[in-house]
2 protein chains.
Amino acid sequence: MERAARTGSAPRSRTPLSKGRVLVTAVALADEGGVDALSMRRIAQALDVVPMALYKHVAHKNALLDGMIDVLVGEIDPPAEGADWKTAVRGRVLSARRMLLRHPWAPEVIESRMKARATPTPAVMAYLDSMIGLFRAGGFSIALVHHAMHVMGSRLLGFSQELFQDTPGGEPDPDAPPPEEMAARYPHITALAMAVAHDEDSVVGSGCDDQAEFEFALDLTLDGLERLLART
Amino acid sequence: MERAARTGSAPRSRTPLSKGRVLVTAVALADEGGVDALSMRRIAQALDVVPMALYKHVAHKNALLDGMIDVLVGEIDPPAEGADWKTAVRGRVLSARRMLLRHPWAPEVIESRMKARATPTPAVMAYLDSMIGLFRAGGFSIALVHHAMHVMGSRLLGFSQELFQDTPGGEPDPDAPPPEEMAARYPHITALAMAVAHDEDSVVGSGCDDQAEFEFALDLTLDGLERLLART
DNA sequence: ACCTGAACACCGTTCAAGT
DNA sequence: ACCTGAACACCGTTCAAGT
């Protein structure tokens, strides 16, 4: 009877393997368990396939990571039509940030893969090209767009790049100093943390609105660029 | 005679192992071969020690990475004395950037470790505390420093966060499209790249001065903050 | 010709056996 | 009590044996 259950049909998943299915599965696994827990063997297992079958669709693990980046970039909204450059860029960056919040492992992977590659992945190239197009349509000279791209940097992909999250989580530090010693050793950080906590009448513990701060930083940057544009 | 050579002295390196030696060796290995090639076993080999000996000085590999970050942050110059806030912050960020250029693997490690930890590593905490102190001494209100920290983000540690380096290197892309197709597919990037290449009479190939662009972006940010400060 | 199991050369870390 | 070799449970990827 075991035999009957297995005869006449594919022994594994019915839908055939494809690069797209591999990538989407890999992204889902990374979302669940982080990128450290992502292995070729685990992806294969999730797809109910032998590990070596993956190598028909991705050359090696780095190529898989590149493909995953492109899946993510594909989630960024296209630019708003008919909007001025500033709102178009702003909206797109905020869309990129929403994507990053869904995939917290993305910055690390993008950071490592972008540095290893001679040229960005195709989807990133297309995204950057379209972004440059938005600036150009807004009246930026080539030289000024070049500056703008450097100024925006990875913020274009929604990187918030905080050095420390005001809303802490993650591994509790075993040898973290007690609060009173913290206050003595890092007086300025402590003062800031306390002020922020009391500042707003927010329900959440930290009192720091990350989204608002991101937009604040983004707007400061865009305002700076706008000022440069007006000067020419 | 082999026997004589080995008796009466430690069979391996004479200087005793210490956390500092482990960390410095790990940083050196990462500088040479990148962080992917860094393993506990390889560090042990470089120190002429059995792998397990490392675990007396670092709890596990993540703790080692944290320690390496602190070594790097220790390389950042202390703030200039007697300078106004803007030059003090500017100088320090540029020092951080010089550090990052010496350790290209750093952003990836910082990115991944900072996200995993509830609180930054001790050296990063001290650095941020001192940075906040610079702003405060310059007359920034607590609320404004908070904004400033979000605006500066990981630029404080010298992250240049380019999405693509104008001076390409790294793995050549096997399935990269030929130049003429590149131009058709990414017209804006191509136009920008060509303009930048011809623009300056630089000796280097690319024509993009990364250092100048970094300072440009940094100054735009600092100017924006200065404007906010003046408004209060 | 295609697919895949076993094998290779690595990992980080545990643990028990040695001194 | 300390140190360490062997072992465990994983990796990514090669390769030869199977169909």
Side-chain angles (χ1 to χ4, degrees), chain A residues 3 6-19 21-23 25-27 29-30 32-69 105 108-109 112-113 116-117 171 174, chain B residues 3 6-19 21-23 25-27 29-30 32-69 105 108-109 112-113 116-117 171 174:
Chain A
R3 199 168 180 281
R6 297 204 182 183
T7 357
S9 69
R12 306 177 190 283
S13 68
R14 190 158 275 98
T15 48
L17 212 53
S18 69
K19 184 167 184 183
R21 280 191 71 217
V22 172
L23 295 181
T25 307
V27 167
L29 283 180
E32 285 168 29
V35 80
D36 281 350
L38 188 75
S39 72
M40 300 298 275
R41 286 165 142 101
R42 216 179 293 259
I43 298 167
Q45 189 188 332
L47 286 163
D48 202 7
V49 140
V50 82
M52 282 314 298
L54 300 178
Y55 286 83
K56 188 112 310 168
H57 300 96
V58 286
H60 42 254
K61 198 185 181 186
N62 280 344
L64 173 97
L65 294 174
D66 290 341
M68 291 169 68
I69 293 176
W105 47 272
E108 180 185 346
V109 173
S112 80
R113 286 308 302 152
R117 293 175 55 97
E171 310 169 359
Chain B
R3 200 168 180 281
R6 298 206 181 181
T7 357
S9 68
R12 309 180 188 280
S13 67
R14 188 157 277 96
T15 49
L17 211 53
S18 69
K19 184 168 184 183
R21 280 190 70 217
V22 172
L23 295 181
T25 307
V27 167
L29 283 179
E32 285 168 29
V35 81
D36 281 350
L38 188 75
S39 73
M40 300 299 275
R41 286 167 144 101
R42 215 179 293 260
I43 298 168
Q45 189 187 334
L47 286 163
D48 202 8
V49 139
V50 81
M52 282 314 298
L54 300 178
Y55 286 81
K56 187 112 310 168
H57 300 96
V58 287
H60 41 254
K61 199 186 182 186
N62 280 342
L64 173 98
L65 293 174
D66 290 341
M68 290 169 69
I69 293 177
W105 47 272
E108 179 186 347
V109 172
S112 81
R113 285 309 300 150
R117 293 174 55 97
E171 310 170 359

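Chain letters run A, B, ... following the sequence lines, proteins first, then strands; residues in each count from 1.
A straight line from NE2 of A:His57 to P of C:dT4 spans 11 Å, rounded to a whole angstrom. Straight-line distance from the CG atom of A:Leu17 to the C1' atom of C:dC3: 13 Å, rounded to whole Å. Here the C1' atom of nucleotide D:dG12 and the CD atom of A:Gln45 are 16 Å apart, to the nearest Å. What separates CG of A:Asp36 from P of D:dC10 is a distance of 15 Å, to the nearest Å. At whole-Å resolution of the value, CG in A:Asp48 and P in C:dT4 are 12 Å apart. C:dC15 atom C1' lies 13 Å from atom NZ of B:Lys56, rounded to whole Å. Across the protein-nucleic acid pair, B:Lys61 atom NZ and D:dC11 atom C1' stand 12 Å apart, rounded to whole Å. Rounding to whole angstrom units, OH of residue A:Tyr55 and P of C:dA6 are separated by 18 Å.
For the side chain to side chain contact (heavy atoms under 4.5 Å, CB included) criterion with B:Leu17, the lone passing option out of B:Leu47, B:Asp48, B:Thr25 is B:Leu47.
Taking the side chain of B:Met52 as heavy atoms from C-beta on, and the options D:dG12, D:dT13, D:dG5, the nearest nucleotide is D:dG5.
Note on B:Arg41: every side-chain N or O is 4.0 Å or more away from OP1 and OP2 of C:dT13. Listed pair A:Arg42 / D:dC11 meets the phosphate criterion, a side-chain N or O lying under 4.0 Å from OP1 or OP2.
How far CG of B:Leu29 is from CZ of B:Arg42: 8.0 Å, rounded to the nearest 0.5 Å.
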Handout entry: Verdict with supporting geometry, B:Arg113 and B:Ile69, side chain to side chain contact (heavy atoms under 4.5 Å, CB included)
Key = CA-CA 9 Å; B:Arg113 285 309 300 150; B:Ile69 293 177; 3.8 Å; yes
Problem - Worked verdict on A:Ile43 versus A:Leu64 for side chain to side chain contact (heavy atoms under 4.5 Å, CB included) - result: CA-CA 11 Å; A:Ile43 298 167; A:Leu64 173 97; 3.7 Å; yes
Exercise for the section: Evaluate the side chain to side chain contact (heavy atoms under 4.5 Å, CB included) criterion for residues B:His57 and B:Leu23: first the C-alpha distance (whole Å), next the side-chain angles of each, then the deciding distance (0.1 Å), finally the verdict. Expected result: CA-CA 10 Å; B:His57 300 96; B:Leu23 295 181; over 6 Å; no
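The pairing partner recorded for D:dC8 is C:dG12, the criterion being a Watson-Crick or G-U wobble arrangement whose two distances lie under 3.5 angstrom. When both distances must be under 3.5 Å, the Watson-Crick or G-U wobble mate of C:dA17 does not exist.
The same atom, P, is picked in D:dC8 and in C:dG18; the two are 16 Å apart, to the nearest Å.
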